[in-house]
Amino acid sequence: MTHEAGIPLGIRFKLLSDTPQDSAAQVVGDVVVGDYRDLETLRAFARGCDVITFDHEHVPTEHLRALEADGIPVRPGPDALVHAQDKGVMRAKLDAIGVPCPRHRIVADPEDVAAFAAEGEGFPVVLKTVRGGYDGKGVWVVDSAEEAAEPFRAGVAVLAEEKVDFVRELAANVVRSPHGQAVAYPVVESQQVGGVCDTVIAPAPDLDEELALRAEEMALNIAKELGVVGHLAVELFQTRDGRILVNELAMRPHNSGHWSMDGAITSQFANHVRAVLDLPLGDPRPRAKWTVMVNVLGGDYPDMYSAYLHCMARDPQLKIHMYGKDVKPGRKVGHVNTYGDDLDDVLERARHAAGYLRGTITE
């Protein structure tokens with residue numbers, strides 16, 4: 001999708017891919033298959049590139065520093081990206097710049113988890129491995145010290161956080177360029193199912209204007225303080241007592257911004273490309289009153305051609321984006337976007353289409 005955004009500008013992409021079957025490898029012309037964790041592979045790949053960017057945060061920080069030392073622009077740079085790679089580093093930095101977060105600290109063992117719980121409201125407590133987690137992986141909600149043993153088996157540091165009493169999850173998406181220009185997309189509501197994003201509503205319905213502005217300003221300030229170049233997604237909790245707390249950071253085009261492909265004047269992907277190349281950023285304002293994105297998760301697929309016939313005939317305004325991924329239960333294999341003036345209608349259209357493409361709706 002980032003490649004697609006660069007095509008109208010004549011931008012050439014070179015891709016380092018795990019396998020030839022990866023989504024981007026199916027559309028980018030210049031593909032190198034290799035291991036992003038191997039420094040020499042990265043160095044060989046980077047030769048001839050004007051700038052390096054990412055579609056995930058897992059490239060080792062020390063390797064990115066080596067590329068920068070070789071004179072290769074890396075955006076976002078390792079000094080920024082480490083805050084999306086390491087939750088412990090992220091929490092320490094957000095504390096230092098005064099960003100509100102859930103109560104937290106690094107814990108050493110299950111007994112330390114029990115002590116952390118006792119320092120607050122008690123169990124349950126949320127445990128996270130500081131590196132490597134995504135889409136609910138690497139996250140546990142535990143009700144006792146006995147349940148807290150599993151996270152420590154991963155062999156990496158474990159972060160304990162209070163279980164926040166929240167009304168809903170929000171996301172503030174911003175984009176920042178190397179010379180400091182920044183834009184903010186409308187704050188969205190992100191609905192999770194089983195720890196995986198299911199539905200995004202843009203803008204977040206019934207969100208107090210002052211709270212929305214506070215979330216956008218917070219995200220812009222985080223991007224500035226961390227030196228982010230490119231897209232930053234700030235995942236938030238809206239608490240029952242009217243606060244917003246930062247849950248996670250992602251420094252790349254993000255699932256909570258996929259609605260912008262069809263619902264914003266300039267998509268998150270187009271603005272990420274512009275930022276990485278230090279071009280003037282595009283207008284992030286929405287095109288319609290409401291845009292809804294629903295993820296298509298892996299399931300029992302019907303014949304895709306027949307599914308397209310049904311969905312496109314039923315809703316000519318529907319936008320379907322499939323990723324060419326192998327289907328696995330619960331895996332994000334595509335998404336749909338709908339838009340319009342009636343939120344209930346827009347939601348129903350998106351959920352029906354995603355369900356039909358997955359095979360859970362058959363009429």
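Scope of the values below: all heavy atoms of this structure, side chains included, with no hydrogens, waters or symmetry mates.
- Grouping the Ile, Leu, Val, Met, Phe, Trp and Tyr side chains by contacts below 4.5 angstrom, directly or via other members, places Val142 with Val107.
- The two atoms that bring Leu15 and Ala25 nearest to each other are CD2-N, 3.3 Å, heavy atoms only.
- For the residue pair Val234 and Ala219, the shortest heavy atom distance occurs at CG2-CB, 3.8 Å.
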**Request:** Before giving the answer on side-chain contact (heavy atoms from CB on, under 4.5 Å), spell out for Asp165 and Thr239 the whole-Å C-alpha distance, their side-chain angles and the decisive distance to 0.1 Å.
**Result:** CA-CA 6 Å; Asp165 183 20; Thr239 67; over 6 Å; no
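- Between Arg47 and Glu40 there is no salt bridge, since no side-chain nitrogen of the basic residue lies less than 4.0 Å from a carboxylate oxygen of the acidic one.
- The backbone N or O of Glu210 sits less than 3.5 Å from a side-chain atom of Asp208, completing a donor-acceptor pair.
- A single hydrophobic cluster is seen to contain both Val31 and Val51, as judged by linkage of ILVMFWY side chains at heavy-atom distances under 4.5 Å, directly or through other members.
- Side-chain atoms of His56 and Tyr36 include no donor-acceptor pair closer than 3.5 Å.
- At a threshold of 4.0 Å, the pair Arg105-Asp112 counts as salt-bridged, since one of the basic side-chain nitrogens sits closer than that to a carboxylate oxygen.
- The CD1 atom of Ile320 lies 10.5 Å from the CG atom of Asn337; values are rounded to the nearest 0.5 Å.
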**Message:** Checking Asp315 against Thr338 for the side-chain contact (heavy atoms from CB on, under 4.5 Å) test, could you report, in this order, the C-alpha distance in whole Å, the side-chain angles of both residues, the deciding distance, and whether it holds?
**Reply:** CA-CA 9 Å; Asp315 186 355; Thr338 57; 4.0 Å; yes
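- Here the OG-CG distance, from Ser17 to Asp22, works out to 3.5 Å after rounding to the nearest 0.5 Å.
- Dense packing is recorded around CD of Glu62, with more than 12 heavy atoms of other residues, nucleotides or ligands lying under 6.0 Å away.
- A donor-acceptor pair under 3.5 Å links the side-chain atoms of Glu147 to the main chain of Asp143, judged by distance alone.
- Closest of all the heavy-atom pairs between Val187 and Ala212 is CG2-O, 3.7 Å.
- Between Cys311 and Leu357 the shortest side-chain heavy-atom distance falls below 4.5 Å.
- Between Asp86 and Arg131 there is a salt bridge, with a side-chain nitrogen of the basic residue lying less than 4.0 Å from a carboxylate oxygen of the acidic one.
- Taking the charged nitrogens against the carboxylate oxygens, Glu209 and Arg214 have no contact shorter than 4.0 Å, which rules out a salt bridge.
- Other residues, nucleotides and ligands contribute only 12 or fewer heavy atoms inside 6.0 Å of the NZ atom of Lys163.
- The NZ atom of Lys87 sits 5.5 Å away from the OG1 atom of Thr129 when rounded to the nearest 0.5 Å.
- In this structure, the side chains of Trp290 and Asp345 stay at 4.5 Å or more apart for every pair of heavy atoms.
- Counting all heavy atoms, side chain and backbone alike, Pro186 lies closest to Glu216 at CA-OE2, 4.0 Å.
- To the nearest 0.5 Å, atoms CG (Leu232) and CG (Leu226) are separated by 7.5 Å.
- A donor atom on one side chain and an acceptor atom on the other are found under 3.5 Å apart for Asp95 and His104.
- No side-chain donor-acceptor contact under 3.5 Å links Thr41 and Asp35.
- At least one donor-acceptor pair under 3.5 Å links the side chain of Thr266 to the backbone N or O of Asp283.
- Inter-residue side-chain proximity for Val228 and Val175 is flagged as unmet; no heavy-atom pair is nearer than 4.5 Å.
- Defined by atom type and a distance below 3.5 Å, a donor-acceptor pair is missing between the side-chain atoms of Asn255 and His335.
- Counting heavy atoms from C-beta on, the side chains of Val346 and Thr291 never come closer than 4.5 Å.
- In this structure a side-chain-to-backbone donor-acceptor pair under 3.5 Å is present from Gln26 to Gln21.
- Checked by atom type, the side-chain pair Glu4/Thr2 shows no donor-acceptor distance below 3.5 Å.
- The shortest distance between side-chain heavy atoms of Leu39 and Arg43 falls below 4.5 Å.
- If you take OG1 on Thr199 and CD1 on Ile201, they are separated by 7.0 Å, rounding to the nearest 0.5 Å.
- Val59 and Met90 end up in the same hydrophobic cluster when Ile, Leu, Val, Met, Phe, Trp and Tyr side chains are linked at under 4.5 Å.
- Between the side chain of Arg287 and the main chain of Gly263, no donor-acceptor pair closer than 3.5 Å is present.
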**Candidate pair Asp262 and His321, rule side chain to side chain donor-acceptor pair (under 3.5 Å), full reasoning** = CA-CA 10 Å; Asp262 305 297; His321 303 273; 2.8 Å; yes
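- Counting only residues at least two apart or in different chains, ring-ring contact (aromatic ring centres under 6.0 Å, His included) contacts with residues 173-206 are absent.
- Of the N and O atoms on the side chains of Ser256 and Asn173, at least one donor lies less than 3.5 Å from an acceptor on the other residue.
- At most 12 heavy atoms of other shown residues, nucleotides or ligands fall within 6.0 angstrom of atom CG in Asp326.
- Side chain to side chain, Asn271 and His231 fail the donor-acceptor criterion of an N or O pair below 3.5 Å.
- Judged purely by atom type and a 3.5 angstrom limit, Gln181 uses its side chain to pair as donor or acceptor with the backbone of Leu281.
- Atoms NE2 and NZ, on His83 and Lys93 in that order, are 5.5 Å from each other to the nearest 0.5 Å.
- Listed by chain and number, the residues in a side chain to side chain contact (heavy atoms under 4.5 Å, CB included) with Glu57 are Leu81, Ala84, Gln85, Ala250, Arg252 (sequence neighbours excluded).
- Taking the ring centroids of His272 and His254, they lie at or beyond the 6.0 Å cut-off.
- The residues Arg103 and Glu121 are annotated as not salt-bridged, no charged nitrogen and carboxylate oxygen being separated by less than 4.0 angstrom.
- Applying the 6.0 Å contact sphere to CG of Asp206 captures no more than 12 heavy atoms from other residues, nucleotides or ligands.
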**Asked** side-chain contact (heavy atoms from CB on, under 4.5 Å) between Tyr339 and Val292: does it pass, once the steps are laid out?
**Response** CA-CA 6 Å; Tyr339 47 87; Val292 170; over 6 Å; no
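- A 4.5 Å side-chain heavy-atom check between Ile97 and Leu94 finds at least one atom pair inside the cut-off.
- Listed here is the closest heavy atom pair of Leu249 and Val246: CD2-CG1, 4.1 Å.
- Using a 4.5 Å cut-off on side-chain heavy atoms (C-beta onward), Val113 and Leu127 make contact.
- The cationic atom of Lys14 (NZ for Lys, CZ for Arg) lies less than 6.0 Å from the six-membered ring centre of Phe45 and within 45° of the ring axis.
- At least one side-chain heavy atom of Leu211 sits under 4.5 Å from a side-chain heavy atom of Gln238.
- When all heavy atoms of Val336 and Leu318 are compared, the closest pair comes out as CB-CD1, 3.9 Å.
- Within the 3.5 Å criterion, the main-chain N or O of Leu279 finds no donor-acceptor partner in the side chain of Arg274.
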**Request:** Apply side-chain contact (heavy atoms from CB on, under 4.5 Å) to the pair Asp30 and Phe13, showing each step before the final yes or no.
**Result:** CA-CA 7 Å; Asp30 188 354; Phe13 283 76; over 6 Å; no
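- Salt bridge status for Arg91 with Glu161: present, with a side-chain N to carboxylate O gap under 4.0 Å.
- With hydrogens and angles ignored, the 3.5 Å screen pairs no side-chain donor or acceptor of Asp18 with any backbone N or O of Val33.
- In terms of modelled atom types and a separation under 3.5 Å, the side chain of Ser23 and the main chain of Tyr323 share a donor-acceptor contact.
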